[in-house]
Peer 1: 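My questions all concern the structure below.
The analysis underlying the following values was restricted to heavy atoms, covering all of them including side chains, and did not include hydrogens, waters or symmetry mates.
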Amino acid sequence: MPRNSPPYGMWSAVRPAAVLAALLLILAVVLVYSPDASAAPFADPIPGSPLDARQKGFPYDVGVHEIARLAALVAYGLMVAAVVFGVVLRLRFMQHRVNRATIHGAHMTLGLSALIFAVVHGMTFLYQPVWGMGPTELIVPFAGGLQRIPVGLGILGTELCIAVGCSVLLQRRLGYHRWLRFHQLAYAAFLLIWLHIFLVHPEPRRPGLVAATVAGGAAACLLAFLIRVFPSRSRLREPTTTITPEVMP
């Protein structure tokens, strides 16, 4: 398929998203180091926490809680890696050192693995009665239960990721450029999931390993996004070539 000059209209359309992502990252840093963050543990118990369940008289499985936490962290790390590999694939970084099919396979595998761990994370809440989640609340965003907005953002982001992944099956029918525009909604899905992680529990807002991991992943994806949106002048001057359709987040 011929590669035409860069669609600058698309660049101008996605720049507000880059600014929004940058502002959210700055907000995260401010909240992490705000004085109120350290005082939060002495206020009301965190909704859905073991203390909250004890006060409400609900049973709480700590083992299921640890599975949910681990699955969430693994899914987030895999999702960050999938976004970065997608940008590497699209902008043809390391094309002289690594076979493109290898990068494409890694991008697809990372994305699929992230979805699997995200689904495992969500399903664990069916076994914690304090959350009041059933199949409907787990599938329909903002359907109810504790922390309706943060949880709904996570469900919406995960379902958008699933739609983006399934769109690969319709790439030929949609046409490459139309499919590519839809596939770029993966950035919006990452933003929704990041907001879910940041808002649902105070741990990512307090200085620590989890906060550093969440902030580092967001910074890596933001940098990859900006590199994708604002390619270097040398890449803009590349001659027209023939390329085959590929996955690009």
Side-chain angles (χ1 to χ4, degrees), residues 17-53 60 62-87 110-111 113-122 124-125 128 130-131 145-158 160-161 186-227 249:
V19 175
L20 177 61
L23 291 176
L24 288 171
L25 186 59
I26 294 173
L27 176 62
V29 175
V30 171
L31 289 176
V32 164
Y33 292 100
S34 65
D36 296 336
S38 58
F42 302 98
D44 295 333
I46 301 168
S49 65
L51 179 59
D52 185 37
Y60 196 90
V62 178
V64 172
H65 168 78
E66 291 299 326
I67 293 174
R69 185 174 182 273
L70 179 60
L73 292 173
V74 173
Y76 182 73
L78 291 171
M79 183 172 54
V80 170
V83 171
V84 173
F85 268 79
V87 173
L110 289 168
S113 300
L115 285 177
I116 292 173
F117 278 96
V119 170
V120 171
H121 168 73
T124 59
F125 290 92
Q128 298 288 21
V130 67
W131 283 91
L146 291 179
Q147 303 199 54
R148 182 170 59 88
I149 300 301
V151 172
L153 290 173
I155 294 173
L156 185 60
T158 302
L160 184 55
C161 280
Y187 292 117
F190 176 83
L191 182 59
L192 290 171
I193 292 174
W194 181 83
L195 285 172
H196 161 73
I197 295 172
F198 189 77
L199 296 174
V200 78
H201 197 278
E203 191 175 16
R205 304 192 297 271
R206 299 171 185 161
L209 181 60
V210 172
T213 301
V214 172
C221 287
L222 178 59
L223 178 61
F225 179 77
L226 293 177
I227 292 174

Peer 1: Could you tell me the separation between the NE2 atom of His201 and the OG atom of Ser49, rounded to the nearest 0.5 Å?
Peer 2: 7.0 Å
Peer 1: Looking at Val151 and Trp131, what are the two nearest heavy atoms and their distance?
Peer 2: CG2-CZ3, 3.9 Å
Peer 1: Just grab all the salt bridge (Lys or Arg N to Asp or Glu O under 4.0 Å) pairs involving residues 209-227, residues at least two apart or on different chains.
Peer 2: none
Peer 1: Roughly how far apart are Ile149 CD1 and Leu195 CG, rounded to 0.5 Å?
Peer 2: 11.5 Å
Peer 1: How far apart are the closest heavy atoms of Ala82 and Gly111, and which atoms are they?
Peer 2: CB-N, 3.8 Å
Peer 1: Any sub-3.5 Å donor-acceptor pair from Arg205's side-chain atoms to Ala211's backbone N or O?
Peer 2: no
Peer 1: I want to know whether Trp194 and Phe190 have ring centres closer than 6.0 Å.
Peer 2: no
Peer 1: Which pairs, with at least one residue in residues 62-81 and sequence neighbours excluded, count as a salt bridge (Lys or Arg N to Asp or Glu O under 4.0 Å)?
Peer 2: Arg69-Glu203
Peer 1: What is the distance from atom CG of Leu192 to atom CD1 of Ile155, rounded to the nearest 0.5 Å?
Peer 2: 12.0 Å
Peer 1: As an exercise, state the distance from CG of Leu70 to CZ of Phe117, rounded to the nearest 0.5 Å.
Peer 2: 7.5 Å
Peer 1: Could you walk me through whether Val83 and Tyr187 pass the side chain to side chain contact (heavy atoms under 4.5 Å, CB included) test, one step at a time?
Peer 2: CA-CA 8 Å; Val83 171; Tyr187 292 117; 4.1 Å; yes
Peer 1: Tell me whether Tyr60 contacts the main-chain N or O of Val130 through its side chain, where contact means a donor paired with an acceptor under 3.5 Å.
Peer 2: no
Peer 1: Which atoms form the tightest heavy-atom contact between Gly48 and Leu146, and what is the distance?
Peer 2: N-CD1, 3.4 Å
Peer 1: Identify the heavy atoms of Ile193 and Gly154 that sit nearest to each other, and give their distance.
Peer 2: CG1-O, 4.4 Å
Peer 1: Take Leu199 and Leu153, measure what side chain to side chain contact (heavy atoms under 4.5 Å, CB included) needs, and give me the verdict at the end.
Peer 2: CA-CA 10 Å; Leu199 296 174; Leu153 290 173; 4.2 Å; yes
Peer 1: What pair of heavy atoms forms the shortest contact from Pro47 to Asp52, and how long is it?
Peer 2: CA-OD2, 3.5 Å
Peer 1: Could you report the tightest heavy-atom contact between Thr213 and Tyr76, atom names first, then the distance?
Peer 2: O-CE2, 3.7 Å
Peer 1: Give me the ring orientation class for His121 and Phe125: parallel if the planes are under 30° apart, tilted from 30 to 60°, perpendicular past 60°.
Peer 2: perpendicular
